[in-house]
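Reading through the structure tokens given below for one structure.
Here is how names work: the chains are called A, B, and so on, in the same order as the sequence lines, proteins then strands, and each is numbered from 1.
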Amino acid sequence: MCEMSAVPEQDLIEQWTSEQASLKQRLVEGDTEEWQRAPDFKGLERVGGVDLSYIKGDDINACAQLVVLSFPELELLYEDSQMVTLAAPYVAGFLAFRETPCLLEALQRLERTQPSLMPQVVFVDGNGLFHYREFGVACHLGVLSGLPCVGVAKSLLQVQGIIRSEEHLSQIRELKKGGDSFPLKATSGRVLAQALRSSDKSTKPLYVSVGHRFSLDTAVRLTHVCCRYRVPEPIRQADVRSREYLRTHFPSADTCG
DNA sequence: GCGACAG
DNA sequence: ATCTTGTCGC
């Protein structure tokens, strides 16, 4: 009797799981671009970053942000802020179904209006292969956009036997300077990500993983050189600007009537 | 049963 | 994600 009323939630999860498996077949691991192998990433001129900022008590309205910075200067070349209505809820392991649609639209707007500014790589706030089914939001956006993508998570997703253990905390303490990192291995032995100390000052590491068309080593090196502060500049700028957009367009839309 | 759970 | 000021340190 209870099965027939199985919350639509369950059907959706199964559908999403299947879609991830399907898209994963199109995922390209490993470097595909000349600049990824070149010393100092010669040939790389534009790096993109995406992020969404939310309004406090609101689950569906958000500001989707895309920024493109010059490389290696990391100066702003393009920015796009767009209010969006999110169709899917946030479910751990399925972040892409909530955030990817509007981010793809942002990339399409850029393609249509300023194609010469299309980024050669996109930094995504969240994981790539470091995911329950090895297909996080950075892989999802990468496959659907076709662009090389890097996943950068600010906190540890405990998955595939990787946990926030004493051993893990100990390894973090061994990261002495910016650029130091250690691998995160799944129970299978496969390296899914690299914990990276992004600068000399930051103690809390970033978790870098392959999104699309990248080797993990290249993703980590590029992330490191894009960090002025803890979070790589493309993502940080997208975060700062989308939140600034909400602040000016929806001044305290809650408290003071 | 309990805990975890990117953004 | 968001709620939130000051504060300690270079």
Side-chain angles (χ1 to χ4, degrees), chain A residues 9 12-13 16-17 20 49-66 81 83-104 106 122-142 149-165 168-169 177-178 184 186-187 192-196 199-212 219 223 228-232 234-236 238-247 249-256:
Chain A
E9 193 82 50
L12 191 56
I13 297 306
W16 282 351
T17 301
Q20 289 180 329
V50 291
D51 191 29
L52 273 78
S53 281
Y54 299 84
I55 298 178
K56 42 186 174 181
D58 192 331
D59 267 358
I60 64 174
N61 294 297
C63 177
Q65 187 79 30
L66 165 63
S81 307
M83 285 309 295
V84 296
T85 298
L86 303 173
Y90 168 67
V91 180
F94 302 94
L95 174 63
F97 293 92
R98 179 168 170 77
E99 302 194 338
T100 290
C102 61
L103 297 179
L104 269 173
V122 178
F123 281 92
V124 183
D125 205 334
N127 295 301
L129 288 178
F130 186 23
H131 178 268
Y132 303 101
R133 292 163 295 281
E134 301 187 7
F135 198 76
V137 64
C139 298
H140 205 115
L141 184 64
C149 287
V150 176
V152 179
K154 299 182 293 299
S155 64
L156 179 69
L157 176 63
Q158 302 195 128
V159 63
Q160 299 202 28
I162 296 163
I163 60 175
R164 202 162 38 244
S165 59
H168 182 73
L169 297 178
K177 58 183 196 308
L184 297 177
T187 308
L192 297 183
Q194 202 79 14
L196 169 72
S199 76
D200 289 338
K201 293 180 180 179
S202 67
T203 294
K204 187 174 179 179
L206 292 178
Y207 297 95
V208 180
S209 61
V210 170
H212 186 50
T223 297
R228 278 223 231 285
Y229 303 99
R230 176 177 177 248
V231 175
I235 291 178
R236 198 179 76 86
D239 179 79
V240 166
R241 289 164 190 276
S242 56
R243 153 196 253 108
E244 158 74 9
Y245 185 91
L246 289 184
R247 185 153 52 86
H249 293 264
F250 303 90
S252 46
D254 186 278
T255 323
C256 315

Please produce a list of atom pairs where a protein N or O lies less than 3.5 Å from an N or O of nucleotides 5-10 of chain C.
none

(request) Quick one: stems involving DNA chain B, counted as three or more successive Watson-Crick or G-U pairs, both distances short of 3.5 Å. (result) none

(message) Dot-bracket for DNA chain C, please. Rules: Watson-Crick or G-U, both distances under 3.5 Å, ( ) within the strand, [ ] when a pair crosses earlier ones, | for another strand, . otherwise.
(response) ..........

(message) Can you confirm whether the side chains of A:Gln65 and A:Ser81 place a donor and an acceptor under 3.5 Å from each other?
(response) yes

(request) Taking all heavy atoms of A:Gly126 and all of A:Val137, pick out the closest pair and write down the distance. (result) CA-CG1, 4.0 Å

(message) Between A:Arg133 and A:Gln20, is there a side-chain donor-acceptor contact under 3.5 Å, judged purely by atom types and distance?
(response) yes

(request) Apply ring pair (Phe, Tyr, Trp, His ring centres under 6.0 Å) to A:Phe97 and list each qualifying residue two or more places apart in sequence or on a separate chain. (result) A:Trp16, A:His140

(message) Quick check: A:Tyr245 with A:His249 (ring centres under 6.0 Å apart)?
(response) yes

(request) Flag the pair A:Leu157 / A:Tyr207 as yes when at least one side-chain heavy-atom distance between them is below 4.5 Å, and no otherwise. (result) no

(request) Grab the two heavy atoms, one from A:Ala238 and one from A:Gly49, that are nearest each other, plus how far apart they are. (result) CB-O, 3.9 Å

(request) Measure across A:Leu156 and A:His168 and return the closest heavy-atom pair with its distance rounded to 0.1 Å. (result) CD2-NE2, 3.8 Å

(request) Please tell me if the side chains of A:Arg243 and A:Asp51 come closer than 4.5 Å, counting only heavy atoms from C-beta onward. (result) no

(request) Give the B/S/- string for nucleotides 1-7 of chain B, one per nucleotide from 5' to 3', where a protein heavy atom under 4.0 Å of the base yields B, of only the sugar-phosphate yields S, and otherwise -. (result) ---SSBB

(request) Heavy atoms only: give me the nearest A:Cys139-A:Glu134 pair and the separation to one decimal. (result) SG-O, 4.5 Å

(message) Could you measure the distance from the CG atom of A:Leu86 to the OH atom of A:Tyr54? Nearest 0.5 Å is fine.
(response) 5.5 Å

(request) Sequence neighbours left out, what pairs pass salt bridge (Lys or Arg N to Asp or Glu O under 4.0 Å) with at least one residue falling in residues 151-160 of chain A? (result) A:Asp125-A:Lys154

(request) Could you state the atom-to-atom distance from CG of A:Asp59 to C1' of C:dT2 in whole Å? (result) 10 Å

